Amino acid sequence: MIVMKFGGTSVGNAERYREVARLLGTYLDQQPIAVVSAMAGTTDWLLNTARALADGGRNPGGTSHNAEKCVADFHTRNFDVIAATIHNPEIRKQVETVVEGQLQLLLRLLTGVELLGELSPRSLDAVAAFGEKISVQLLAGALQDLGFKAQPISAEELILTDRTFQAARPQMEVTTNRCRSRLVPMVEDGIIPVVTGFIGATDDGITTTLGRDGTDFSASIIGASLDADEIWIWKEVDGVMTADPRLVPNARSLRRISYAEAGELTHFGAKVIHPLTVMPAIEKGIPIFIKNTFNPSFPGTRIDHGHEATDGVVKAVTSARNLALITILGGGVLSVPGIAARTFAKMAALNVNVFMISHASSGHDLCLVVEKKVIPQVIPALRKEFERELELKEIDAIEADPQIVTIAVVGAGMRGAPGVAGRLFSALGRKSINIMVIAQGSSELNISLIVSADDEQEALMTIHEEFLSLTGLGKTLSRSMKQASALS
Ligand code: ADP
Ligand code: ASP
Ligand code: MG
């Protein structure tokens, strides 16, 4: 069995649904299970519409909304795609009937949101789930239209989650039992199950979502539950690349990386897969492949326990824009014991995740990197905590800088390899890029640094050129040869 995930971009329109159905059909012998996202743009549309309706129908464009009009537009768009995707009238009618029912439910939900002017995380999940629920109808319909046996399934029936709406976590034991009893008989019957990505449900049947871009994670949860042979994540790129190809045009695709390297890369912002995707697969040792729907014969990237030995020590470089830098500045930061301890206690009390910390022994400041969105909560809380120190001028200021990016340089080969940080600084220094904070993870799988948001692309290109372009790799190779000959 192979679990195959198709993201929103892979199913962006009717032609793409048919293309994905043809592709799945070619793997029938390998017993594929499809896990599919909403059509590109749908989840954003659903969430934005619900928010605009809750907000009295106002939206940034100033046009007025009402639930009925919104759902009518959505109906037209979806029915156009159904008509273009499914040619057989009987199959099309079946899919239309199901989708019609789904849209009526969506209308009732959105009308509630509009009338109450209130939108809880739970309601957002219920609304967002419709994108995937409609998508499985389309893909299963496209498969049937091509003559394959296919069954649309909502993961509400399969993935049991906790009640953390918008970031629900699976309970694997029940999920495993459900996946096995529901999906295995179908697969053995030659049916291709088409399962919704992104969603699950609580033990009392309330819809949850695993968080944005969660379909990769869904595929891994289902793959691990079924003890699948492999998990394939189909994208529009040739696998995991040495950098985001949109920012570094000469990024190359990697043939093999470890679960840990993939975890580091995605944790530090590589948008290629959801950061939790590797977790369910690790325990069972199921390899994950990232493959390109536009280039299916290309092997893509294999993610497993091992890692490809490369000539260089660095595998990839990535950046994240969702973080901000908090600085606690002043002579007292050094002299007053416990400032750091109190800062971290406050962060823990606020349930705020600290991504990086730096406190140079010579400097008078303590820097923390947190998500941008928590700044309005964290800064006043810290100023209150250190009210006395601020009055006594032991602390001069507590400030947040949201105009930063985190750059992470990742590779298992950096473990114990001397000189990587030095080379990194020199390369950035030559381009006059100021490094605001630097940290090395204890795993030594990554070095992360903070630079101004204005320097993001130049920093990525510079690091890529130094370590990952073919000339960069050449430099690394000649250094290690020199080191080797000096030793011998
Ligand atoms: P899907 O809709 O299939 O989930 P996404 O658009 O969410 O696909 O994710 C794939 C995108 O991630 C690619 O198009 C690419 O631009 C981006 N990306 C960022 N970093 C990397 C990387 N290191 N390797 C490959 N792709 C990356
Ligand atoms: N459709 C969801 C989203 O847009 C999940 C996914 O695409 O993985 O976030
Ligand atoms: Mg995605």
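Counting starts at 1 for both ligands and their atoms, following the listed order. All of these numbers come straight from a predicted model, not from anything done at the bench.
Annotation for ligand 1: atoms under 4.0 Å from non-hydrogen atoms of Gly7 are 1 (P), 2 (O), 3 (O). Heavy-atom contacts of Asp213 reach the following atoms of ligand 2: 3 (C), 5 (C), 6 (C), 8 (O), 9 (O) (cutoff under 4.0 Å). Close contacts between ligand 2 and Glu132 involve ligand atoms 1 (N), 2 (C), 5 (C) [criterion: under 4.0 Å to a heavy atom]. Shown in contact with Thr43 at under 4.0 Å from a heavy atom are these atoms of ligand 2, numbered in order with element: 1 (N), 2 (C), 3 (C), 4 (O).
Taking a 4.0 Å cut-off on heavy atoms, Gly131 fails to register as neighbouring ligand 2. For the pair Lys235 and ligand 1, a heavy-atom separation below 4.0 Å is found. Distances from ligand 1 to the non-hydrogen atoms of Gly8 include at least one value under 4.0 Å. Distances shorter than 4.0 angstrom do not occur between any heavy atom of His274 and any atom of ligand 2.
Relative to the ring axis of Phe148, Arg18 does not place its NZ or CZ within 45° and under 6.0 Å from the centre.
When only non-hydrogen protein atoms are considered, atom 16 (O) of ligand 1 lies nearest to Arg246 NE, 2.9 Å. What sits closest to atom 4 (O) of ligand 2 on the protein, heavy atoms only, is Arg212 NH2, 2.9 Å. Nearest protein heavy-atom contact of atom 6 (O) of ligand 1 is Thr9 OG1, 4.0 Å. Atom 23 (N) of ligand 1 has as its closest protein heavy atom Met241 O, 3.1 Å. The protein heavy-atom contact nearest to atom 6 (C) of ligand 2 is Thr215 OG1, 3.3 Å. In this structure, atom 13 (C) of ligand 1 lies nearest to the protein heavy atom Val237 CG1, 3.9 Å. Of the protein's non-hydrogen atoms, Ser37 OG, 3.2 Å is the one closest to atom 7 (O) of ligand 2.
The proximity of Arg212 to ligand 1, defined as any non-hydrogen pair under 4.0 Å, does not occur for either the backbone or the side chain.
In this structure, Leu276 and Leu210 have side chains that are not in contact, with every pair of non-hydrogen atoms separated by 4.5 Å or more. With contacts defined as side-chain heavy-atom distances shorter than 4.5 Å, the pair Leu24/Leu139 qualifies. Side chains of Val272 and Thr301 form no contact here, defined as non-hydrogen atoms less than 4.5 Å apart. Residues Phe467 and Thr242 fail the side-chain proximity criterion, which asks for heavy atoms closer than 4.5 Å.
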May I have the step-by-step check of salt bridge (Lys or Arg N to Asp or Glu O under 4.0 Å) for Arg16 and Glu19, ending in yes or no?
CA-CA 5 Å; Arg16 302 293 296 140; Glu19 196 55 51; 5.2 Å; no
Could you give me the CA-CA distance, side-chain angles and deciding distance for Asp213 and Lys271, then say whether salt bridge (Lys or Arg N to Asp or Glu O under 4.0 Å) is met?
CA-CA 9 Å; Asp213 300 316; Lys271 285 275 176 281; 5.8 Å; no
Run the numbers on Arg180 and Asp227 for salt bridge (Lys or Arg N to Asp or Glu O under 4.0 Å), then give the verdict.
CA-CA 9 Å; Arg180 288 190 184 162; Asp227 243 327; 3.7 Å; yes
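In this structure, Glu466 pairs ionically with Arg430, as a charged nitrogen and a carboxylate oxygen lie closer than 4.0 Å. In summary, Glu264 and Lys315 do not engage in a salt bridge, as defined by a charged side-chain N under 4.0 Å from a carboxylate O.
A donor-acceptor distance shorter than 3.5 angstrom exists from the side chain of Lys372 to the backbone of Arg321, with no hydrogens or angles considered. Using a distance-only test at 3.5 Å, with no hydrogens or angles considered, no donor-acceptor pair links the side chain of Asp229 to the main chain of Ile2.
In this comparison of Leu254, Val240, Asp244, the heavy atom closest to atom 20 (N) of ligand 1 sits on Asp244. Considering Ala270, Ala262, Gly239, Ala251 only, the shortest heavy-atom separation from atom 25 (C) of ligand 1 involves Gly239.
Residue contacts with ligand 1: Asp213 is placed with no nitrogen or oxygen under 3.5 Å of a nitrogen or oxygen of the ligand (distance criterion only). Distances between N or O atoms of Asp216 and those of ligand 1 include no value under 3.5 Å.
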